[in-house]
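The next block holds one structure in the form of structure tokens; read it before the comments.
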Amino acid sequence: MQTTYCEIELDKAKRDAFVYAIKNHYWYQMYIDDLPIWGIVGEADENGEDHYLWTYKKLEIGFNGNRIVDVNLTSEGKVKLVPNTRIAMSYSVKWKKSDVKFEDRFDKYLDPSFFQHRIHWFSIFNSFMMVIFLVGLVSMILMRTLRKDYARYSKEEEMDDMDRDLGDEYGWKQVHGDVFRPSSHPLIFSSLIGSGCQIFSVSLIVIIVAIVEDLYTERGSMLSTAIFVYAATSPVNGYFGGSLYAKQGGRRWIKQMFIGAFMIPAMVCGTAFFINFIAIYYHASRAIPFGTMVAVCCICFFVILPLNLVGTILGRNLSGQPNFPCRVNAVPRPIPEKKWFMEPAVIVCLGGILPFGSIFIEMYFIFTSFWAYKIYYVYGFMMLVLVILCIVTVCVTIVCTYFLLNAEDYRWQWTSFLSAASTAVYVYMYSFYYYFFKTKMYGLFQTSFYFGYMAVFSTALGIMCGDLKKDKPVMYHLLHGAFWVC
């Protein structure tokens, strides 16, 4: 039955706070057995002069057997906000039997008209056509263009030494003695590659688990699963990062292991703790408890670091020896002048456009589900977009690396990584558009919360995309292999 659970002494400060919330259409969200319910604070009259507070909450809970399967909230008891009065807040609960099955209780919260409308399917089709175009472009480069290169190089091999020296030598074959040269800053580079492999593994596993287990039905299950999978896949980080660092002749492998292990956790925890201090200042419910922060730090030191150490040792011992098909020149070859659009900076800026174009529609749905509190459940779409992103990124990276090597610039490692990772820059730029035109956020807390976590998301996406180029000069191996095909 209707029961009073508290009374409010409505002084001027509290009245002003309620009026502000009503004018700005504030609403609240609560949970009963993980089922969300929403309600508005109050409403204003037609003239906007008087404001009323809803004081009576009617809860109607549906049950099937001994399980709650449905929750509805109705707000009644409209009371005018008058200073220096006393307002009683009350609620009632009505239980009723329901035919809804427990596994189907979230169906009414899903929005098929939003997540599965035509533009979603059109974006998938558009991305698929982009994949076909890029695969065709890469095939053309490897077959048609390389056939011409092969004919030219075969002709040069028939010349004597003097004619070859006087000939016009150019192209990717001229840098065979430098293409396997270690990258600049190999410690950071190998740590980024290891972290990218781990992020990709986490993304793939979490999406598969979400498809199988319907993680959206339990609060926090997606985040808990991601943290567990990230900790469990730490050997992947150590293996790929440690092996690459050993191949490049690195000797400070312990330092590389620490940087690789704590690069992503430090970025995430640092951002979260900074936002948490702002949340505490604003007394927001988003504030993370101190015990949770300690638990996350313990996971980093006692789970992630030991597993990363195991992966590093395995990577150094199993695949840490250089296996390059040709020797590296003792003296670096001078890099000739080239046209402006062949510069690494230009290639990096242009490399992320196509991968972003293949995923930006899905980014809209993901942003809306996270920032507009819609339940995202179409993880099959997300898996398909992840596959498309991988193919597009690999194809773009191969093309960019070919153009760079063909200009006799052997600095392919960072250029290849950054040309794919630049996708994150476009995603972060898109987040600015979404913030100003698709949300109604304002103030220090909401702004820092949004752009802080979007920076973490974009950085992780960029590291993952940059890793898709892998740690070997794939393009150069493909060029040699295409010789035999031609």
Side-chain angles (χ1 to χ4, degrees), residues 127 130 134 183-204 206-207 226 230 233 236-237 240-241 244 259-272 344-364 366-367 370 382 385-401 404 411-435 450-471 474:
S127 300
M130 186 184 299
L134 287 174
S183 62
S184 59
H185 309 290
L187 191 147
I188 302 298
F189 184 75
S190 57
S191 299
L192 287 170
I193 294 298
S195 298
C197 291
Q198 185 179 7
I199 294 173
F200 178 76
S201 303
V202 172
S203 302
L204 186 63
V206 170
I207 292 175
Y230 184 87
T233 55
V236 175
N237 187 339
F240 287 99
L244 177 60
I259 293 178
F262 292 120
M263 178 180 294
I264 300 299
M267 177 186 67
V268 175
C269 293
T271 304
V346 178
I347 294 176
V348 167
C349 293
L350 298 178
I353 295 178
L354 287 179
F356 172 72
S358 66
I359 64 171
F360 86 97
I361 295 294
E362 197 65 28
M363 287 293 102
Y364 170 75
I366 294 174
F367 286 9
F370 190 80
M382 185 179 289
V385 170
L386 179 63
V387 173
I388 291 174
L389 175 64
C390 293
I391 298 175
V392 172
T393 303
V394 169
C395 292
V396 168
T397 306
I398 290 175
V399 174
C400 292
T401 307
L404 191 70
R411 299 171 298 179
W412 66 272
Q413 291 97 335
W414 278 107
T415 304
S416 178
F417 179 88
L418 294 176
S419 63
S422 62
T423 307
V425 177
Y426 295 102
V427 171
Y428 198 61
M429 291 170 60
Y430 176 72
S431 71
F432 278 83
Y433 163 79
Y434 190 89
Y435 177 84
Y450 178 88
F451 287 108
Y453 283 120
M454 284 310 306
V456 171
F457 172 80
S458 301
T459 304
L461 178 66
I463 294 175
M464 184 189 75
C465 291
D467 166 69
L468 293 176
K469 61 156 211 60
K470 291 302 179 187
D471 60 330
V474 179

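Heads up: numbering here begins at 1 and tracks the sequence.
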Taking every non-hydrogen atom, the tightest pair across [X] and [Y]:
X	Y	value
Val385	Ser358	CG1-O, 4.5 Å
Cys465	Ala420	O-CB, 3.3 Å
Glu362	Met382	OE2-N, 4.3 Å
Thr423	Pro355	OG1-CB, 3.3 Å
Ser191	Ile259	OG-CG2, 3.7 Å

Worksheet item: Of Leu404, Ile398, Thr397, which is the lone residue that meets side chain to side chain contact (heavy atoms under 4.5 Å, CB included) with Thr401?
Response: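 Considering Leu404, Ile398, Thr397, a side chain to side chain contact (heavy atoms under 4.5 Å, CB included) with Thr401 is found only for Thr397.
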State, with a plain yes or no, whether a side-chain heavy atom of [X] is found less than 4.5 Å away from one of [Y].
X	Y	answer
Ile188	Leu192	yes
Val396	Cys400	yes
Ile359	Ser127	no
Met464	Val202	no
Phe457	Met363	yes
Pro344	Trp414	no
Asp467	Ile463	no

Sub-3.5 Å donor-acceptor pair from the side chain of [X] to the main-chain atoms of [Y], do we have one?
X	Y	answer
Ser422	Val348	yes
Thr393	Cys390	no
Tyr426	Gly357	no
Gln413	Ser184	no
Thr415	Trp412	no
Tyr428	Phe451	yes

Fill in: Mutual orientation of the aromatic rings belonging to Phe417 and Phe189 [parallel < 30°, tilted 30-60°, perpendicular > 60°]
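If you compare the ring of Phe417 with that of Phe189, the planes turn out perpendicular.
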Item to complete: Look at the rings of Tyr430 and Tyr434 and say which category their plane angle falls in: under 30° parallel, 30 to 60° tilted, over 60° perpendicular.
Response: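 Because their plane-to-plane angle lies in the 30° to 60° range, the rings of Tyr430 and Tyr434 count as tilted.
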Practice prompt. State which residues pass side chain to side chain donor-acceptor pair (under 3.5 Å) with Ser458; sequence neighbours excluded, sorted by chain then number.
Written response: none
When rounded to the nearest 0.5 angstrom, what distance separates [atom1] in [X] from [atom2] in [Y]?
X	Y	atom1	atom2	result
Phe370	Tyr450	CZ	OH	10.5 Å
Ile361	Ile366	CD1	CD1	12.0 Å
Gln198	Ile264	CD	CD1	8.0 Å
Leu204	Ile199	CG	CD1	13.5 Å
Ser416	Ile347	OG	CD1	10.0 Å
Leu461	Leu389	CG	CG	6.5 Å

Practice prompt. Report the residues that fulfil ring-ring contact (aromatic ring centres under 6.0 Å, His included) with Phe356, sequence neighbours left out, ordered by chain and then residue number.
Written response: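 With neighbours one apart ignored, the set is Phe360.
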